[in-house]
Trainee: 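Supplied in structure tokens, the structure appears directly below.
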2 protein chains.
Amino acid sequence: MSYGYKIGSLPITTVQRLPNYLRLVRELQREGLEAVSSARLAETLRVEAIQIRKDFGYIGITGRPKTGYRVDELVDVIEQCLSWNRVQDAILVGAGNLGRALMGYRGFATHGLRIVAAFDVDPGITGESVNEISVHALSELAPIARRLKVRMAILTVSPEAAQAAADKLVDAGIEGIWNFTGKRLSVPDDVIIQDQDIATGLAVLSAKLTARAAPLR
Amino acid sequence: MSYGYKIGSLPITTVQRLPNYLRLVRELQREGLEAVSSARLAETLRVEAIQIRKDFGYIGITGRPKTGYRVDELVDVIEQCLSWNRVQDAILVGAGNLGRALMGYRGFATHGLRIVAAFDVDPGITGESVNEISVHALSELAPIARRLKVRMAILTVSPEAAQAAADKLVDAGIEGIWNFTGKRLSVPDDVIIQDQDIATGLAVLSAKLTARAAPLR
DNA sequence: GACTGTGAATCTATTCACAGCG
DNA sequence: CGCTGTGAATAGATTCACAGTC
């Protein structure tokens, strides 16, 4: 597990910055702006302009001196890069607090993500519909996922139930798991795990606050 | 905004890994294990053993040949490093789906985080209590935050309301904002912002899935 | 023999300097 | 000029090689 693993041919750090760029250039597009310079973007995004130019270079976007980059092109290419221009279907496992929050999150629409079904162990919940997404029993996971040809799953069960659920997802032929459980999952090598652990974010903030109170440098 | 900004004297990447280490060594501690080798930890965590040794070196933990690292010491030092051994009070702004999910999240207890009050614009919600945390009107934010001497805030309002809420937090003397809104906030330099943007996680997963379908290398 | 830990080497990402173009 | 874009320099993080210690 090396720290700078490239995806396709893009540095992972570049991929991580793409959503920020996209959000902003979409906004500029709505405002009717045709072209924008890296300096202008940098101002809003708190990223160095040179960094933006390098990133745009990586994804094959070329700008023009004096004018800058074409906004339409930026939107198209970045969306394509992230595959956010096509709808990606996903299932969600674990319809607790967090699961429901994600089912209700409207932002996914602009990220090409559609949650097509949810699953939960609790029989009190199954049968319900949350935000027009129906919640099924866990036993139905594999057949439904297979029938809908879903490749991606969002895992929001309790830490204790995480591994068992992951096993079910693997059996169902899921290729990528977005893991919100905070547990490290063991799965076959060809299944992609993306850990979304809020503890790491909190750790960085805690450490910065501490350093601020008693600056060590 | 350089990519490897150090916190205190620790590499930021090390800080990000600390929660993983802590989770595991706490578990081992509960199991009554006294010492553990970096190789053993590496096996479970899918991180290279040498990386773990380097990280432990950075935070000043020293192990012993043949035996490994003392589990108790690991727990103590890592907790101290993250300031998760003392309780840090925080307020939460935006008691919608996500806000409620976080208010109900039991894991914060083991991260030294306690949400002492919540705030929301919606008068239909204010006055309620979610998980024993009472929800107040936004106008009460500054006085309450000041009285309770809260340094940290969790921001879970809608993107549109994000900047206005951030301004209120700054006025209330908040020093660190954990930003779940996906909006880039502009605040004075001495206020620390930690962005917790799920879009970046999704971006990485999307890109990996795409690369997997048509491996570019 | 089984581990840690350090200094050097490597790899990755960021930033700089400046050439090139409209 | 004002901006992009490239190749070189720097900074940062990981990994290697191996010496040291229990």
Side-chain angles (χ1 to χ4, degrees), chain A residues 1-18 20-21 25 28 33-71 73-74 77 200 203-204 207 217, chain B residues 1-18 20-21 25 28 33-71 73-74 77-78 200 203-204 207 211 217:
Chain A
M1 179 166 302
S2 61
Y3 105 100
Y5 194 67
K6 293 193 178 177
I7 298 171
S9 60
L10 298 179
I12 195 165
T13 47
T14 296
V15 172
Q16 291 173 332
R17 280 185 295 265
L18 291 182
N20 288 328
Y21 299 154
V25 295
L28 298 176
L33 199 71
E34 300 230 326
V36 65
S37 73
S38 61
R40 168 85 189 282
L41 293 172
E43 209 174 300
T44 324
L45 291 176
R46 234 182 289 157
V47 176
E48 298 292 334
I50 175 69
Q51 176 94 80
I52 296 178
R53 293 205 297 276
K54 261 277 152 72
D55 285 338
F56 288 176
Y58 284 135
I59 61 178
I61 292 176
T62 164
R64 297 173 67 170
K66 188 86 175 174
T67 9
Y69 298 88
R70 280 191 33 239
V71 173
E73 188 186 358
L74 284 173
V77 176
T200 72
V204 175
R217 54 219 225 84
Chain B
M1 178 167 300
S2 61
Y3 102 101
Y5 195 67
K6 293 193 177 175
I7 299 172
S9 60
L10 298 180
I12 193 164
T13 48
T14 296
V15 173
Q16 289 173 330
R17 281 186 294 266
L18 290 182
N20 288 327
Y21 298 154
V25 295
L28 297 176
L33 199 69
E34 301 231 322
V36 65
S37 72
S38 61
R40 168 83 189 284
L41 293 171
E43 210 174 300
T44 323
L45 292 175
R46 237 182 288 157
V47 175
E48 299 291 333
I50 175 70
Q51 176 94 82
I52 296 178
R53 293 206 297 275
K54 261 278 151 74
D55 287 338
F56 288 176
Y58 283 134
I59 60 178
I61 293 177
T62 164
R64 297 172 67 170
K66 188 85 175 177
T67 7
Y69 298 87
R70 278 190 36 237
V71 172
E73 188 186 358
L74 285 172
V77 175
I78 297 176
T200 72
V204 174
R217 51 217 234 90

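Note on naming: letters A, B, ... go to the chains in the order of the sequence lines (proteins, then strands), and numbering restarts at 1 for each one. All of these numbers come straight from a predicted model, not from anything done at the bench.
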Trainee: Evaluate the side-chain contact (heavy atoms from CB on, under 4.5 Å) criterion for residues L74(B) and Y21(B): first the C-alpha distance (whole Å), next the side-chain angles of each, then the deciding distance (0.1 Å), finally the verdict.
Mentor: CA-CA 9 Å; L74(B) 285 172; Y21(B) 298 154; over 6 Å; no
Trainee: Nearest whole Å is fine: how far is dT12(C) C1' from I7(A) CD1?
Mentor: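 Rounded to the whole Å, the gap is 14 Å.
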Trainee: Side chains of L41(A) and F56(A), heavy atoms from C-beta outward: is any pair under 4.5 Å?
Mentor: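 Result yes, sub-4.5 Å side-chain heavy-atom pair found.
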Trainee: Could you give the CG-to-P distance, from L41(B) to dC3(C), as a whole number of Å?
Mentor: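 Nearest whole value for this atom pair: 12 Å.
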Trainee: CG of L74(B) versus C1' of dT4(C): gap in Å, rounded?
Mentor: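 The answer, rounded to whole Å, is 13 Å.
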Trainee: Under a 4.5 Å cut-off applied to non-hydrogen side-chain atoms, are I59(A) and L18(A) in contact?
Mentor: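 When only atoms from C-beta onward are counted, L18(A) and I59(A) do touch, with a gap below 4.5 Å.
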Trainee: Please tell me if T13(A) has a side-chain N or O lying less than 4.0 Å from either OP1 or OP2 of dT14(C).
Mentor: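 Affirmative; the distance criterion is met.
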Trainee: Nearest to the side chain of Y69(B) - dT4(C), dT4(D), dA13(D)?
Mentor: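 For the Y69(B) side chain, the nearest candidate turns out to be dT4(C).
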Trainee: What is the separation between atom CD1 on I52(B) and atom P on dG5(C), rounded to the nearest whole Å?
Mentor: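 After rounding, the reported distance stands at 13 Å.
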Trainee: Would you mind classifying the nucleic acid contact of G57(A) as base, sugar-phosphate or nothing, using non-hydrogen atoms under 4.0 angstrom?
Mentor: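 Answer is nothing: G57(A) stays at 4.0 Å or more from every strand.
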Trainee: dT4(D) C1' sits how many Å from D55(A) CG, rounded?
Mentor: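 So the CG-C1' distance, D55(A) to dT4(D), works out to 15 Å.
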Trainee: Grab the CD1-P distance between I12(B) and dA13(C) for me, whole Å please.
Mentor: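 My rounded result for the distance is 15 Å.
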Trainee: Is the phosphate of dG5(D) approached by T62(A) (side-chain N or O, under 4.0 Å from OP1 or OP2)?
Mentor: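 Affirmative; the distance criterion is met.
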Trainee: Does the T67(B) side chain pair with the main chain of P65(B), one donor and one acceptor, at a distance under 3.5 Å?
Mentor: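 Looks like yes, one N/O pair under 3.5 Å.
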Trainee: Nearest to the K54(A) side chain among dT6(D), dT4(D), dA13(D), which nucleotide is it?
Mentor: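 Of all the options, the side chain of K54(A) is nearest to dT6(D).
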Trainee: Could you list the residues that satisfy salt bridge (charged side-chain N to carboxylate O under 4.0 Å, His left out) with E43(B), not counting sequence neighbours?
Mentor: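 By the salt bridge (charged side-chain N to carboxylate O under 4.0 Å, His left out) rule, E43(B) matches no residue at all.
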Trainee: What string of B, S and - do you get for nucleotides 17-22 of chain D, 5' to 3', when a contact is any protein heavy atom under 4.0 Å?
Mentor: ---BBS
Trainee: Drop me the distance from L45(A)'s CG to S38(A)'s OG, to the nearest 0.5 angstrom.
Mentor: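 Output value for this atom pair is 11.0 Å.
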Trainee: Rounding to a whole Å, what distance do you find between R17(B):CZ and dT15(D):C1'?
Mentor: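 Answer to the nearest Å: 12 Å.
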Trainee: Would you indicate what T14(B) reaches in the nucleic acid, counting non-hydrogen atoms under 4.0 angstrom: base, sugar-phosphate, or nothing?
Mentor: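 Counting heavy atoms under 4.0 Å across all strands, no contact is made by T14(B).
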Trainee: Under the side-chain contact (heavy atoms from CB on, under 4.5 Å) rule, what do R40(B) and L33(B) come out as? Steps first, then yes or no, please.
Mentor: CA-CA 12 Å; R40(B) 168 83 189 284; L33(B) 199 69; 3.7 Å; yes
Trainee: Out of dT14(C), dA13(C), dT4(D), which has the shortest distance to the side chain of Q51(A)?
Mentor: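 Given the options dT14(C), dA13(C), dT4(D), the side chain of Q51(A) is closest to dT14(C).
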Trainee: Would you please confirm or rule out a distance under 4.0 Å between OP1 or OP2 of dC3(D) and any side-chain N or O of S38(A)?
Mentor: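 No.
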Trainee: Just how far, in rounded Å, is P of dC3(D) from CZ of R70(A)?
Mentor: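 It works out to 19 Å between those atoms.
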